[in-house]
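Every chain is numbered from 1 and lettered A, B, ... according to where its sequence line falls, protein lines coming before strand lines.
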2 protein chains.
Amino acid sequence: MSESKSVNLTKRATYELRQRIIHGGLPGGTRLYEVALSEELQISRTPVREAMSRLAEEGLLERAPGGGFQVRSFSLRDVTDAIELRGVLEGTAARLAAEQGVEPAQLVAIKALLDRLDGCFAPGGATGREQIDFDAYSELNALFHQRLSELCASPVILRELERVVSLPFASPSAFVLGQADAARSNRSLALAQAQHRALVQAIEQREGARAEFIAREHARIARGNLEASFVSDPQAPECVPGMALIIR
Amino acid sequence: MSESKSVNLTKRATYELRQRIIHGGLPGGTRLYEVALSEELQISRTPVREAMSRLAEEGLLERAPGGGFQVRSFSLRDVTDAIELRGVLEGTAARLAAEQGVEPAQLVAIKALLDRLDGCFAPGGATGREQIDFDAYSELNALFHQRLSELCASPVILRELERVVSLPFASPSAFVLGQADAARSNRSLALAQAQHRALVQAIEQREGARAEFIAREHARIARGNLEASFVSDPQAPECVPGMALIIR
DNA sequence: TATACAGTAAATGTATACATTTCGCCGCGA
DNA sequence: TCGCGGCGAAATGTATACATTTACTGTATA
């Protein structure tokens with residue numbers, strides 16, 4: 001608990017509320033009352049209000065009709081669409097990067113990331129089953145997607161992409177961790193990594209359409225994993241952050 | 001000036017600031033100071049602050065590094081990208097609509113809009129040059145794009161689309177009005193209307209890929225008009241709302 | 001001359017009192 | 001029983017005093 005730093009109260013309130021929303025402390029649809037929250041957080045109404053405003057900007061809250069805020073709730077369809085949207089936007093970024101061409105240094109850097117991602121697949125030894133370092137993969141994967149998006153050098157595209165990705169279940173690494181079915185998980189990640197390589201190759205060879213569609217297909221893995229999560233444990237797949245937001 | 005209604009002060013401040021930003025009273029990059037603005041608008045700091053927060057959410061302001069806000073400024077490239085992004089998102093909406101299929105009633109409604117758009121092209125009589133009702137076209141065009149986006153029945157997609165379109169120069173009707181070159185303008189609008197029809201046809205026939213790419217190409221008309229505006233009058237094409245935001 | 005530091009003015013951040021609006025509840029009447 | 005209307009509690013909206021942070025500027029020292 002190092003959140004009670006000397007940073008300002010708005011940030012504290014923002015952080016605290018975000019945590020509660022993502023982890024299910026404030027389920028989707030919950031109305032947030034300024035007075036109640038400020039008493040609970042021991043922070044006056046002004047920063048709490050400001051925090052809510054920022055979380056609305058972030059997409060976790062929505063403004064209620066007669067003023068005030070409530071926790072945004074997402075149907076399974078909404079989540080599917082958000083992932084699809086990420087695929088479309090990443091695809092656009094990749095296409096633009098391919099069309100415009102990218103700095104050699106950036107290509108070198110992103111290829112280095114590819115190699116590091118490969119390093120997460122430890123040789124399985126005699127068992128034949130690879131042991132995957134999920135935490136490292138998850139982190140590097142997020143970084144890879146970030147760098148990939150930056151290749152298009154478009155602040156406008158990047159901004160919207162960041163916005164979509166800020167929804168926890170739509171982020172590229174949302175479904176990496178804690179999948180119930182280990183075998184399925186290994187297959188997903190191997191396929192995903194193959195797509196990562198193909199994407200970089202397409203951009204390097206300036207194949208815009210190919211890059212775009214690989215990125216879209218890549219996002220479909222997440223979509224598949226989401227649906228698998230719901231099938232395997234429709235009750236509470238709490239492994240995935242932000243799952244609490246999804247109404248069942 | 002009916003803006004000094006009895007609505008609350010936050011809305012007044014939001015409206016007033018938005019107007020100033022769009023019409024160039026507050027050029028891109030301008031830092032907004034709460035105290036100065038609240039004195040000028042005769043409104044206390046709290047609603048002014050709230051208004052700035054909302055305009056940041058809208059994309060017209062950005063949060064400055066050390067706190068506070070400044071007017072967002074857009075390069076020509078940013079505007080181009082925003083229009084491209086609109087094309088991509090409208091394309092996605094159209095594709096999803098085609099893939100899922102839409103209610104017959106909605107198709108009927110949007111076809112009625114197509115007919116009304118046709119009505120804006122008055123027969124040119126003996127001159128052979130059509131007289132176009134630009135204002136009516138502009139309004140119907142905006143409505144058409146709105147309805148078209150709604151066909152995909154996806155709140156998530158619609159939300160992001162609304163966000164992009166809220167940038168005045170990225171809206172579908174941004175470049176309809178006040179084009180310097182009348183002949184060019186007529187050609188654009190006729191082409192655009194042909195694309196409108198093709199789009200609806202593609203959706204009706206469930207041709208997702210076709211619908212997507214027509215929508216993208218459709219947005220390219222706006223991009224072309226933007227570039228034409230800059231070539232014809234690089235100084236101050238004040239005809240297009242939001243043009244003041246673009247740094248030259 | 002450049003840099004670092006301190007002082008100060010002005011900005012944003014915070015708390016809170018007060019104003020206004022909203023919404024639900026209750027009672028009255030048709 | 002249903003609907004309308006007003007009353008009241010509780011919510012958000014607003015103003016403002018005060019706190020804190022930031023950033024600039026001027027000066028002193030290396």
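Listed in residue order, the members of residues 41-54 of chain B having a heavy atom less than 4.0 Å from DNA chain D are B/I43, B/S44, B/R45, B/T46, B/P47. A heavy atom closer than 4.0 Å to some atom of DNA chain D occurs in A/R31, A/L32, A/Y33, A/E34, A/V35, these being the qualifying members of residues 25-39 of chain A.
To the nearest angstrom, C1' of C/dA19 lies 13 Å from CG of B/N8. Between the CZ atom of A/F69 and the P atom of D/dT12 there is a distance of 9 Å, rounded to whole Å.
B/I21 contributes atom CD1, which lies 12.0 Å from atom OG of B/S73 (distance to the nearest 0.5 angstrom).
Closest approach of A/A51 and A/T14 over heavy atoms only: CB-OG1, 3.3 Å.
Counting only N and O atoms by type, the side chains of A/S138 and A/N141 include no donor and acceptor under 3.5 Å apart. Residues B/S53 and A/S53 bring a donor and an acceptor atom of their side chains to less than 3.5 Å of each other.
Other residues, nucleotides and ligands place no more than 12 heavy atoms under 6.0 Å from the CD atom of B/E139.
Under the 4.0 Å criterion applied to side-chain N and carboxylate O atoms, B/E212 and A/R216 are assigned as salt-bridge partners. Using a 4.0 Å cut-off between charged nitrogen and carboxylate oxygen, A/E227 and A/R220 do not count as a salt-bridge pair.
Nearer to the 5' terminus of DNA chain C, by closest-nucleotide assignment, is the contact made by A/T10 (compared with the other of A/T10 and A/P65).
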Scan the side chains in residues 107-115 of chain B for donor-acceptor partners under 3.5 Å anywhere in the protein, sequence neighbours excluded, and list what turns up.
unit_1 : atom_1 : unit_2 : atom_2 : d
B/K111 : NZ     : B/E204 : OE1    : 3.0
B/K111 : NZ     : B/E204 : OE2    : 3.0
B/D115 : OD1    : B/R197 : NH2    : 2.9

